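Just so it is clear, the structure is predicted and the values come from calculations on it, not from any experiment. Chain letters run A, B, ... following the sequence lines, proteins first, then strands; residues in each count from 1.
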Protein chains: 2
Amino acid sequence: MAAGNKARPYHHGDLRDAILTRAAEIIGDKGIEALSLRAIARDLGVSHGAPNRHFRSKAELLATLATEAWQAARRATLAAAEQHGSENPHVRLNALGRGFLRWAMNNPALFTALLHPDVNRYADDSLRIAQLEFEQIIHEVVVETQADGRYSGTDSNVLTLYTNAVPYGIAALLRTPLALSRSGKINQDELIADLMELVVPIRHSGNERQ
Amino acid sequence: MAAGNKARPYHHGDLRDAILTRAAEIIGDKGIEALSLRAIARDLGVSHGAPNRHFRSKAELLATLATEAWQAARRATLAAAEQHGSENPHVRLNALGRGFLRWAMNNPALFTALLHPDVNRYADDSLRIAQLEFEQIIHEVVVETQADGRYSGTDSNVLTLYTNAVPYGIAALLRTPLALSRSGKINQDELIADLMELVVPIRHSGNERQ
DNA sequence: CCCGGGTGTTGTCGGCGTCTACATTGAAGT
DNA sequence: ACTTCAATGTAGACGCCGACAACACCCGGG
């Protein structure tokens, strides 16, 4: 076996992860439509049937990718809020939204997978759980914000849906050339802050609207 | 020949429209991933090469479908606002959002096409124009609302982006089983109204927040 | 009347996802 | 150390797909 020679061992050793990584790259470069198991296998120097050992179907690969995307989004969003570290729930809620938006803009391939229609059509339990865990972050902070006296007239589930949907919709639109042209030459972080200010106001806090 | 027999004339007569209609049906039933030109041709009783006369590629068919989706969304949204017919710009803005959301929920196949990643990747000019025309409706009412004294501190383009993104994001999330479970057994129209109230408040107008 | 361009057909090509039979490997149990 | 066996990778086949080219049909303008 020539201990040092790892040129092309019969077994790849980490094929499953390599497939997922390469898949994310391809989606980022050419879109989900251009993804093919055979092309991934070629790129990784394995035979066209090898991926079947790790993913029963292409749909299962996509679902796995989407699951990891939700987990990554959750980590990035949480980290952004914790780094900010305010004790005010509504400030944290704002930071969550900005964190998610930044992650979405910096990880277009994974963002695309989050709610891709063809991905969610074949959703399995782990995908649903990852999505749920992401949503729970928002929900918790929403409830805290309401306990703080804000948005008291609105059902917390409706509010969670809203707070969840806004950054998602913004990120989706920002990925089109049209919306980008309208947002013009504004700095990305400024734009994100301005947009989230409309959802959860945190500037000049203490005068208008509570 | 056989003048009266129109069972299967050599020329279909309206193949292009028939393809678009059938494509929308298939997308609604099984998703864009399951769409194939050959299956459409089979369903319509024409040969597998016939669609190529009307759409140079599958991507062109999808782009055409997306263009029609933006136009349909524009018509439905405008109609909803006009039917409401208030002279207050912010009330009309709210009605626009609710109209779009209702359309999106009632036309899932077309909504899916609006910003489908693989569709927009091959966007042509007519698709961009249709998208632009939709956005302009929102932009006009946003400007009127600002002239009315509301949201005066925010750039109108940012505000348009926000107002555009919210119903889109909500509609996208509402198409997942998870978000639906959270919204629970709430009546759809009520849910839409509650959500849009968070974007553009119109209830108990005149007391809090302007 | 004819003829030319638009429309539909048929055949072909390479690529794809998936399945099956076979090869290779490393590790667990004796 | 030897055997066994499940996991992993390979090679081939099948049917479907998108795209293209060559041919067939049909209608309307000269």
In whole angstrom, what separates [X]'s [atom1] from [N]'s [atom2]?
X        : N       : atom1 : atom2 : result
His48(A) : dC19(C) : NE2   : P     : 12 Å
Leu15(A) : dG26(C) : CG    : C1'   : 17 Å
Ile40(B) : dG8(C)  : CD1   : C1'   : 16 Å
Glu33(B) : dG17(C) : CD    : C1'   : 11 Å
Leu37(A) : dA11(D) : CG    : P     : 18 Å
Ile26(A) : dG15(C) : CD1   : P     : 16 Å
Asp14(A) : dT8(D)  : CG    : P     : 11 Å
Asn52(B) : dC23(D) : CG    : C1'   : 15 Å

Do the side-chain N or O atoms of His54(A) get closer than 4.0 angstrom to the phosphate oxygens (OP1, OP2) of dG9(D)? yes
Apply the test side-chain contact (heavy atoms from CB on, under 4.5 Å) to residues Asp43(B) and Ile26(B): give CA-CA distance (whole Å), side-chain angles for both, the deciding distance (0.1 Å), then the verdict. CA-CA 10 Å; Asp43(B) 292 351; Ile26(B) 293 176; 4.0 Å; yes
Hey, what are the protein-to-nucleotides 14-16 of chain D N/O distances that come in under 3.5 Å?
none

Please determine, for the side chain of Ser47(B), which listed nucleotide (dA11(D), dA19(D), dT9(C)) has the closest atom? dT9(C)
Selected nucleotide, minimal atom distance to Arg53(A) side chain, candidates dC22(C), dG8(C), dG12(D): dC22(C)
Parallel, tilted or perpendicular: which one describes the rings of Tyr168(B) and Phe111(B), with boundaries at 30° and 60°? tilted
Nearest-0.5 Å distance that lies between atom CG in Leu174(B) and atom CE in Met105(B): 4.5 Å
Point-to-point distance, once rounded to the nearest 0.5 Å, from CG of Leu61(B) to OG of Ser57(B): 8.5 Å
Arg74(A) side chain to Ala130(A) main-chain N or O, any donor-acceptor pair under 3.5 Å? no
Note: contacts of residues 56-66 of chain B with DNA chain D (heavy atom, under 4.0 Å) are Ser57(B), Lys58(B)
Could you please spell out the steps behind the side-chain contact (heavy atoms from CB on, under 4.5 Å) verdict for Trp103(B) and Leu110(B)? CA-CA 9 Å; Trp103(B) 175 84; Leu110(B) 290 181; 3.8 Å; yes
Salt-bridged, Asp29(A) to Arg22(A), with N to O below 4.0 Å? no
Please walk me through it: do Arg203(B) and Asp194(B) pass side-chain contact (heavy atoms from CB on, under 4.5 Å)? CA-CA 10 Å; Arg203(B) 293 179 189 153; Asp194(B) 285 355; 3.1 Å; yes
Closest non-hydrogen contact found for Thr112(A) with Pro117(B) is CG2-CG, 3.5 Å
